[in-house]
Amino acid sequence: MNAEERLRAEVTRAALAIGAPEGFEPVLERPREHAHGDWATTAALVLAKALRRKPADISRDLVAALDATAAGVAESAVAGPGFINFRLDAARLAAGLHGVLAQGRAFGRGNTGAGRAVNVEFVSANPTGPLHVGHGRQAALGDAISALLAHSGWKVTREFYYNDGGGQIERLRDSVHARIVGAPLADDQYHGEYVKDVASAFVTDLAPRLGVSEAEAVEHVRRRWRDDAGLRDDVRRFAVAYLRAEQDADLKAFGVAFDVYYLESSLYSDGKVASTIEALKATGHTFELDGATWLRTTDFGDDKDRVMVRSAGKGGEPTYFVPDVAYHVTKWERGFTRAVDVQGADHHSTVTRVRAGLQALGIGIPQGYPEYVLHQMVTVVRGGEEVKISKRAGSYVTVRDLVDEVGRDAVRYFFLMRKGESQLVFDVDLARSQSEENPVYYIQMAHARLSGIFRVGGISAESVTGESVDWGQLGAPEERELVKAILDWPSLAAGAAEALEPHRVAGWLLDTARLVHLWYHKHHVLGEPEPVMRARLALASAARITLANALGLLGIAAPERM
RNA sequence: GCGCGAGUAGCUCAGCUGGAUAGAGCGUCGGCCUCCGGAGCCGAAGGUCGUGGGUUCGAAUCCCGCCUCGCGCACCA
């Protein structure tokens, strides 16, 4: 039992002893003011109504009923409107570090997932261009959420869904064609420079296959384009493959890897789109209108019904959300009873639709499936001005640009330090100019400094096990605060995983790094009397382990030296 | 017009699911290097938590109205 559990158990016992109703669970919280102690409980405030007594009186009785030794408390005080503040016994508090050292890399892991499978889908870009900053935010978020869930005992599959079907791909193909033959681009085509790269790469690839010069290959495309479906398909496939390779390289540079790449086109080729349409029709939730087939999504909370198969005049093809539904059915059928989709908020209109489709099928998929993490847009500022991101207009800041300019670790941290619902302003110049006083360097420096203690002392960090340590030596305020931050880590990580909010980890890291610097600045380790040194080495090792674990979840390196 | 999200220090943002005198980074101003790394530390200034009501012992947090900003509202994806 750790210090928190011990305290909670004793407060609960005492509360029941003075008349709290059966099943009462006291709330323990960290007081904002350190002067108020290590823990506080609002038990008396909450009980005031049920007991029909003043909170202050209840607090007094509760403190009197408390067994301080059993609770591990050095001091209890009634404060404010009825808070009870506890100061833990220094030795009992610091002894919690023993468990940290014993668990090492496993410290902080939880098991709420109990080995169950969860699918986390993120990035899922169309292969119509390089990954831009919005994808970068999503990659950082999705990867960190996956890591957090795995850390909480879930069996995580990271998945990337390629929207390689639909009209956008045709638009890409035609844009490449225009660049090959030097035709003008329509407004709704892709204007980016990369399209020129794809075009010239295609020509370079085609010429030797035809056994002609590149100029002749261009002429070949010009002449045959209209009537040669095979050629058009060739260009489409080449462009998609080219851009997928680019995206993969960008993700690799960013340190993000996927377990599964799922192709939208495969849903058509293996008949899943067709079978989903049939299944939906069989449910009676569909109807025909104006030559199109509609799904009555209003039966499931949507504000209007949606077309699922276009009328003949519009091509007669399924709309995009049918493969989306079919895709999520495969997630369910592949055994993922839980699925998390990380998407930009500009796609939030799909949420209701996809869920409605899954509900309409009536195959036992729960209502809230899949869960969505929607993040707001990233605004890029460069040279003091906003860079408008538009694939079609061709103005861009890519993930690769950012990684090259400010480094992988800093980009990851910047994207993760804010909650997803907040819009994010990424000032490229600022990120660059700050590169030496970036929060991520500050955090990594804390880890490097702790590592330095062991390096300089010629002590293996692994040899610090916490055995025969006099924990009472860690009584200085800076030490108590650092100890508490370390011991808070498991519940913080669990909370971040449950809420799917990696930014909490980023915040904890910054706070804890500050405590490390403060402690380091004030207290020496090497060369101190033996009992002091042993205790401080234990603290340094525990802090180092915990920082490394937290950084690892965010995909940020924990360097030994910088 | 409807839906979703956001309005908190000069700037960028936290605020742990309703708690005490609302915090951090950057920026500004002023201090600290015989040291296990100064890529650090200490101090100061800076707030009507968009706004008006409501709920209760207690609200930045929950409910309602209003105001700004972003995103979405296709037989595009």
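First the proteins, then the strands, lettered A, B, ... as listed; each starts at 1.
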> Using a heavy-atom cut-off of under 4.0 Å over every strand shown, decide if L45(A) touches base, sugar-phosphate, or nothing.
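Contact class for L45(A): base.
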> On a plain distance test, is the side chain of N85(A) in donor-acceptor contact with the base of rA20(B) below 3.5 Å?
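Yes.
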> Tell me which nucleotide among rC36(B), rG19(B), rA77(B) gets nearest to the side chain of L526(A).
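Of rC36(B), rG19(B), rA77(B), rC36(B) is nearest to the side chain of L526(A).
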> If each of G291(A) and H36(A) is mapped to the nucleotide of RNA chain B with the nearest heavy atom, which maps nearer the 5' terminus, i.e. the 5' end?
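The residue closer to the strand's 5' end, by nearest nucleotide, is H36(A).
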> Rounded off to whole Å, could you give me the NE2-to-C1' distance for the H524(A) and rU34(B) pair?
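About 11 Å, once rounded to whole Å.
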> For rC2(B) versus rC62(B), give the span between their C1' atoms, rounded off to a whole number of Å.
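After rounding to an integer number of Å, I get 24 Å for this pair.
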> Look at all strands and tell whether G452(A) reaches a base, only sugar-phosphate, or nothing, counting heavy atoms closer than 4.0 Å.
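Sugar-phosphate, no base atom in range.
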> Is there a side-chain contact between K522(A) and the phosphate of rC35(B), meaning an N or O under 4.0 Å from OP1 or OP2?
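No.
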> For rC29(B), decide between syn and anti, treating a glycosidic angle within 90° of 0 as syn.
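Glycosidic conformation of rC29(B): anti.
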> Extract all donor-acceptor atom pairs below 3.5 Å that involve side chains of residues 39-46 of chain A and protein atoms in other chains or at least two apart in sequence.
| from | atom 1 | to | atom 2 | distance (Å) |
| --- | --- | --- | --- | --- |
| T41(A) | OG1 | V27(A) | O | 3.0 |
| T41(A) | OG1 | A43(A) | N | 3.1 |

> Verify, without hydrogens or angle tests, whether T319(A) (side chain) and V307(A) (backbone) share a donor-acceptor contact under 3.5 angstrom.
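Checking the backbone N and O of V307(A) against the side chain of T319(A), a donor-acceptor pair under 3.5 Å is found.
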> Could you tell me how far apart H523(A) (NE2) and rC41(B) (C1') are, to the nearest whole angstrom?
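Going from NE2 in H523(A) over to C1' in rC41(B) covers 12 Å.
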> Could you tell me which residues satisfy ring-ring contact (aromatic ring centres under 6.0 Å, His included) with Y262(A), sequence neighbours excluded, listed by chain and number?
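Counting only residues at least two positions away or on another chain, Y262(A) forms a ring-ring contact (aromatic ring centres under 6.0 Å, His included) with Y327(A).
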> Could you check whether E479(A) pairs with R536(A) (Lys NZ or Arg NE/NH1/NH2 to Asp/Glu carboxylate O, under 4.0 Å)?
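Counted as a salt bridge, because a side-chain N and a carboxylate O are separated by less than 4.0 Å.
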> Atom CD1 of I443(A) and atom P of rC26(B): how far apart are they, to the nearest Å?
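Atom-to-atom, I443(A) to rC26(B), this comes out as 12 Å.
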> Please work out if E29(A) contacts a base, only the sugar-phosphate, or nothing of the nucleic acid, heavy-atom cut-off 4.0 Å.
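Contact class for E29(A): sugar-phosphate only.
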> For R60(A), check side chain to side chain donor-acceptor pair (under 3.5 Å) against everything at least two apart and list the hits.
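Testing R60(A) for side chain to side chain donor-acceptor pair (under 3.5 Å), a comparison that skips the adjacent residues, returns D57(A).
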> Hey, does A448(A) reach any base, or is it just sugar-phosphate, or nothing, if we go heavy atoms under 4.0 Å?
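It contacts nothing in the nucleic acid.
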> Between rC11(B) and rG18(B), how far is it from one C1' atom to the other, in whole Å?
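Approximately 30 Å lies between the C1' atom of rC11(B) and that of rG18(B).
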> Rounded to whole Å, please give me the gap between CG in L295(A) and C1' in rC75(B).
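Going from CG in L295(A) over to C1' in rC75(B) covers 14 Å.
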> Expressed in whole Å, how much space separates the P atoms belonging to rG37(B) and rU8(B)?
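Per the computed distance, 42 Å lies between those P atoms.
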> Let's see if you can work this out: which of rA20(B), rC75(B), rA77(B) has an atom nearest to the side-chain heavy atoms of D290(A)?
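Nearest to the side-chain atoms of D290(A), counting from C-beta on, is rC75(B).
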> Within the 4.0 Å heavy-atom criterion, would you say N163(A) contacts the bases, only the backbone, or no part of the nucleic acid?
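Since only primed, P, OP1 and OP2 atoms lie under 4.0 Å of N163(A), the category is sugar-phosphate.
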> For rG47(B) and rG23(B), measure between their P atoms and round to the nearest Å.
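Result for the P pair: 14 Å, nearest Å.
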> On RNA chain B, compare the nucleotides closest to G167(A) and T41(A); which residue's is nearer the 5' end?
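It is T41(A), whose closest nucleotide lies nearer the 5' terminus.
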> Determine the interatomic distance between P on rA9(B) and the same-named atom on rU61(B); round to the nearest Å.
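The same atom, P, in both gives a distance of 15 Å.
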> Would R171(A) and D174(A) pass as an ion pair if we require N to O under 4.0 Å?
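Judged by the 4.0 Å cut-off on N to carboxylate O distance, R171(A) and D174(A) do not form a salt bridge.
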> Which donor-acceptor pairs under 3.5 Å do the side chains of residues 490-500 of chain A make with protein atoms, sequence neighbours left out?
| from | atom 1 | to | atom 2 | distance (Å) |
| --- | --- | --- | --- | --- |
| S491(A) | OG | D488(A) | O | 3.2 |

> Which nucleotide wins on minimum distance to the side chain of S349(A), given the candidates rG72(B), rA74(B), rG19(B)?
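Closest nucleotide to the S349(A) side chain: rG72(B).
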> Has H447(A) got a side-chain atom pairing as donor or acceptor with P559(A)'s backbone, closer than 3.5 angstrom?
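Such a contact is found between H447(A) side chain and P559(A) backbone.
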> Who passes salt bridge (Lys or Arg N to Asp or Glu O under 4.0 Å) against R306(A), sequence neighbours left out?
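Only D302(A), D303(A) meet the salt bridge (Lys or Arg N to Asp or Glu O under 4.0 Å) criterion with R306(A).
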> Return a single string for nucleotides 4-16 of chain B, one symbol per nucleotide in 5' to 3' order, where B is base contact, S is sugar-phosphate-only contact and - is none, cutoff 4.0 angstrom on heavy atoms.
-BS-----SSSSS
> What is the distance from CG of L518(A) to C1' of rA24(B), rounded to the nearest Å?
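Rounded to whole Å, this separation is 14 Å.
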> Counting heavy atoms from C-beta on, name the nucleotide in rG37(B), rC75(B), rC73(B) closest to the side chain of S311(A).
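The answer is rC75(B).
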> Taking only residues two or more places apart in sequence or in another chain, which ones pass side chain to side chain donor-acceptor pair (under 3.5 Å) with Q343(A)?
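Counting only residues at least two positions away or on another chain, Q343(A) forms no side chain to side chain donor-acceptor pair (under 3.5 Å).
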> Would you indicate what A292(A) reaches in the nucleic acid, counting non-hydrogen atoms under 4.0 angstrom: base, sugar-phosphate, or nothing?
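A292(A): base contact, heavy atoms under 4.0 Å.
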> How would you list all residue pairs meeting salt bridge (charged side-chain N to carboxylate O under 4.0 Å, His left out) that involve residues 350-359 of chain A, not counting sequence neighbours?
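Sorted result for residues 350-359 of chain A: empty, none.
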> If you measure from the C1' atom in rG25(B) to the same atom in rU21(B), how many Å do you get, rounded?
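That atom pair is separated by 22 Å.
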> How does RNA chain B read in dot-bracket, base by base from 5' to 3', with Watson-Crick or G-U pairs under 3.5 Å and | used when the partner is on another strand?
(((((((..((((.....[...)))).(((((.......))))).....(((((..]....))))))))))))....
> Quick check: does any side chain N or O of R30(A) sit under 3.5 Å from a backbone N or O of D38(A), one acting as donor and the other as acceptor?
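Yes; at least one donor-acceptor contact below 3.5 Å.
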> Checking contacts here: which listed nucleotide (rC57(B), rC36(B), rC71(B)) is nearest the side-chain heavy atoms of V456(A)?
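Closest nucleotide among those given: rC36(B).
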> Does rU17(B) fall in syn (glycosidic angle within 90° of 0) or anti?
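Base orientation relative to the sugar is syn.
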> Taking the same atom, C1', in rG52(B) and in rU68(B), what whole-Å distance lies between them?
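Result for the C1' pair: 15 Å, nearest Å.
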> Rounded to the Å, how far apart are Y520(A) OH and rA39(B) P?
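For the pair Y520(A) OH and rA39(B) P, the rounded distance is 11 Å.
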> Indicate for each nucleotide in nucleotides 28-33 of chain B, in 5' to 3' sequence, whether protein heavy atoms under 4.0 Å reach the base (B), only the sugar-phosphate (S), or nothing (-).
------
> rA74(B) C1' sits how many Å from L289(A) CG, rounded?
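Distance check: L289(A) CG to rA74(B) C1' gives 15 Å.
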> Ring-on-base stacking between Y442(A) and rA39(B), under 5.5 Å between centres and under 30° between planes: is it there?
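One would not call Y442(A) stacked on the rA39(B) base.
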> Of the candidate nucleotides rC71(B), rA39(B), rG38(B), which contains the atom at the shortest distance from the side chain of R449(A)?
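Side chain of R449(A) sits closest to rG38(B).
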> Please identify each residue that fulfils side chain to side chain donor-acceptor pair (under 3.5 Å) with E5(A), with sequence neighbours left out.
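Counting only residues at least two positions away or on another chain, E5(A) forms no side chain to side chain donor-acceptor pair (under 3.5 Å).
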> What integer distance in Å separates I453(A):CD1 from rG40(B):P?
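Value for this atom pair: 17 Å.
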> Can you name the residues that form a side chain to side chain donor-acceptor pair (under 3.5 Å) with E170(A), not counting sequence neighbours?
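With neighbours one apart ignored, the set is empty.
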> In whole Å, measure the gap between the C1' atoms of rC33(B) and rG38(B) for me.
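About 6 Å, rounded to a whole number of Å.
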> Parallel, tilted or perpendicular: which fits the ring planes of F287(A) and W294(A), with parallel below 30° and perpendicular above 60°?
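The rings of F287(A) and W294(A) lie parallel, inter-plane angle below 30°.
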